[in-house]
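Okay, structure first, notes after.
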Amino acid sequence: MAQSVGIKDVARVAGVSVGTVSNVINRPDTVATETRARVLSAIDRLGYVRSESARQLRAGRSRIMGLLVLDMGNPFFVDVARGAERAARRAGLGVMVCNSAQDPGEEADYLSLFAEQRVRGVLLTPADATGRNIEAFRRHGIPFVLVDRVAEGTTECSVSVDDVAGGALAVRHLVDAGHRSLAYVSGPPGLNQVRDRRTGALEALAEAGLGPDALRELPTERLDVAAGRDAGARLLGLADRPTAVFCANDLLALGVLQAMYAAGVGVPDDLAIVGYDDIEFAAAAAVPLTSVRQPAVTMGAMAADLLLEETEEESGRAHEHRRVVLQPELVVRRSSLSAR
């Protein structure tokens, strides 16, 4: 196996000191033109690439930002990552994207990896509802910003969407369409987003004079299409089937839609469906899906900007932790437009 080329090899071939090579790499204006050309020629001939990890250890500052999301299989988090990456690149940084797969154990492992790599900071959508992983990570002194989650019980920055308002938007729309018996396909109950969307749904029902018994909750272990199909099968087995269903995200809603299509149940005439996130696939579904839109790209970019502000020592500005709460928007499509 070929050995890696080091700075000492470049110095030997160029006939200069190691310090001169370092100056050519980091402070080229301080080196004479002829000497600089000789060193650059040696670098080119040897194929030398400087060790970024070694540079980071010396400087104590990384050019990498960590991003840990719940599910990279969900296009919502892909959009969050796109927003974060754009903001990071403008600042000359890269993003290390990791997927906890909604598993607190995986989350703990990745947070440990970020600490080992001494990343500049972390953007985190927590999978651990207990907060223990965050508490353990905080001991490393690495800044982090919560994404798609309000920073409850913490002083750190967060960027989220008002999920209570989002849940209310979805159910208010269904109630206004004449539905009085609804289901909520909710996802894992430990997630704050799932609970907040349910709270909003119940608030909308109360506004219409309907009690909580008008909302049948169907929890799922995951927030994916397969879980939505399973919830759809359970929905079909109910003797008093609701006429409308609100799903905690679009992947669940698409799974419910698939289950209805396979069973010959018409959407929206027999069952109206509303999702959440407004991912790209929502508009492209066989029956275009009504959804509560979250500004995912904006969320990722704003979270990255907050992290950059906190870690940019040269800016001279005192950083103040902030909670940014964005507003959702209802996008109405055919899946909820039945005439009742």
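All values below were derived from every heavy atom in this structure, side-chain atoms included, with hydrogens, water molecules and symmetry-related copies excluded. The residues of the chain are indexed from 1 along the displayed sequence.
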How long is the gap from CD1 on I273 to CG on L271, to the nearest 0.5 Å?
5.0 Å

CD (E221) with more than 12 external heavy atoms under 6.0 Å
no

Using the rule that Ile, Leu, Val, Met, Phe, Trp and Tyr join whenever any side-chain heavy atoms are under 4.5 Å apart, tell me whether Y261 and V267 fall into a single cluster.
no

Interatomic distance, S41 atom OG to L46 atom CG [nearest 0.5 angstrom]:
9.0 Å

Flag the pair R322 and E309 as a salt bridge only when some basic side-chain nitrogen lies within less than 4.0 angstrom of an acidic carboxylate oxygen.
yes

Same cluster or not: are L326 and V297 linked, directly or through other Ile, Leu, Val, Met, Phe, Trp or Tyr residues, by side-chain heavy atoms under 4.5 angstrom apart?
no

Polar side-chain atom of D224 near backbone of A227 as donor-acceptor pair, under 3.5 Å
yes

S291 versus D277, closest heavy-atom pair with distance
OG-N, 3.4 Å

Residue pair L235 / P242: nearest heavy atoms and the distance that separates them:
CD1-CD, 3.9 Å

Residues, nucleotides or ligands: over 12 heavy atoms within 6.0 Å of R27 CZ
yes

Please determine whether residues L238 and L182 belong to a single hydrophobic cluster, defined as Ile, Leu, Val, Met, Phe, Trp and Tyr linked transitively by side-chain heavy-atom distances below 4.5 Å.
yes

So do L68 and T125 actually touch side chain to side chain, heavy atoms under 4.5 Å?
no

Under 4.5 Å between any side-chain heavy atoms of L70 and F77, yes or no?
yes

I need the minimum non-hydrogen distance between A285 and L257, along with the two atoms involved.
CB-CD2, 4.0 Å

Indicate yes or no: does D230 engage R234 in a salt bridge with an N to O separation below 4.0 Å.
yes

Please check if M302 and V325 belong to a single hydrophobic cluster, counting links between Ile, Leu, Val, Met, Phe, Trp and Tyr side chain heavy atoms closer than 4.5 Å.
no

Any donor-acceptor pair under 3.5 Å from R38 side chain to A14 backbone:
yes

Can you tell me if N133 uses its side chain to pair, donor with acceptor, with the backbone of P104 under 3.5 Å?
yes

Minimal heavy-atom distance between G92 and R63, with the atoms involved, is O-NH2, 3.0 Å

Pair R138 + E156: basic N to acidic O under 4.0 Å:
yes

Consider only side-chain N and O atoms of S186 and E217, and report whether a donor and an acceptor are under 3.5 Å apart.
yes

Verdict with reasoning, Q327 to V161, per side-chain contact (heavy atoms from CB on, under 4.5 Å):
CA-CA 6 Å; Q327 291 303 308; V161 166; over 6 Å; no

Going by atom types only, do H173 and S336 share a side-chain donor-acceptor pair under 3.5 Å?
yes

Say whether Q193 and D148, considering side chains only, have a donor N or O and an acceptor N or O under 3.5 Å apart.
yes

So do V331 and R333 actually touch side chain to side chain, heavy atoms under 4.5 Å?
yes

Quick one: does S22's side chain have a donor or acceptor within less than 3.5 Å of a partner on V18's backbone?
no

Is V292 reachable from V164 through a run of I, L, V, M, F, W or Y residues, each pair having side-chain heavy atoms under 4.5 Å apart?
no

Where is the tightest heavy-atom contact between A282 and D250, given as atom of each residue plus distance?
CB-OD2, 3.8 Å

Verify side-chain contact (heavy atoms from CB on, under 4.5 Å) between Y276 and F76, making sure each step is shown before the conclusion.
CA-CA 10 Å; Y276 204 103; F76 166 76; over 6 Å; no

Are R241 and D270 ion-paired here, with the side-chain N under 4.0 Å from a carboxylate O?
no

Determine whether L306 and V159 satisfy the following criterion, side-chain contact (heavy atoms from CB on, under 4.5 Å), listing intermediate values before the conclusion.
CA-CA 9 Å; L306 285 172; V159 181; 3.6 Å; yes

Just by modelled atom types, is the V31 backbone N or O under 3.5 Å from a matching donor or acceptor in the R36 side chain?
yes

Between OG on residue S160 and CG on residue L146, distance to nearest 0.5 Å
9.0 Å

Given 3.5 Å as the limit, does a donor-acceptor pair link the side chain of N249 with the main chain of L223, or not?
yes

Is there side-chain contact between D128 and I134, with at least one heavy-atom pair below 4.5 Å?
no

Do D240 and S181 come within less than 4.5 Å of each other through their side chains, counting heavy atoms only?
no

Considering only heavy atoms from C-beta outward, does the side chain of R149 approach that of P126 to under 4.5 Å?
yes

Measure from the side-chain N and O atoms of N74 to the backbone N and O of D71, and report whether any donor-acceptor pair falls under 3.5 Å.
no

Can you check side-chain contact (heavy atoms from CB on, under 4.5 Å) on C157 and F144, steps first, answer last?
CA-CA 7 Å; C157 290; F144 63 90; over 6 Å; no

Going by the salt bridge (charged side-chain N to carboxylate O under 4.0 Å, His left out) test, name the single residue among R197, R195, R198 that passes it with D163.
R197

CE of M65 to CG of L123, rounded to nearest 0.5 Å, is 5.5 Å

Can you tell me if S100 uses its side chain to pair, donor with acceptor, with the backbone of V69 under 3.5 Å?
yes

pair L251-I279: side-chain heavy atoms closer than 4.5 Å:
yes

CG/N99 to CD/E107 distance, rounded to the nearest 0.5 angstrom?
11.0 Å

Validation row: D278, E329 side chains within 4.5 angstrom (heavy atoms):
no

Is it true that the side chains of H321 and T155 contain a donor and an acceptor less than 3.5 Å apart?
no

Between CG of L124 and OH of Y110, what distance do you get to the nearest 0.5 Å?
13.5 Å

Minimum-distance pair of heavy atoms, taken over all atoms of R180 and T243:
N-OG1, 4.5 Å

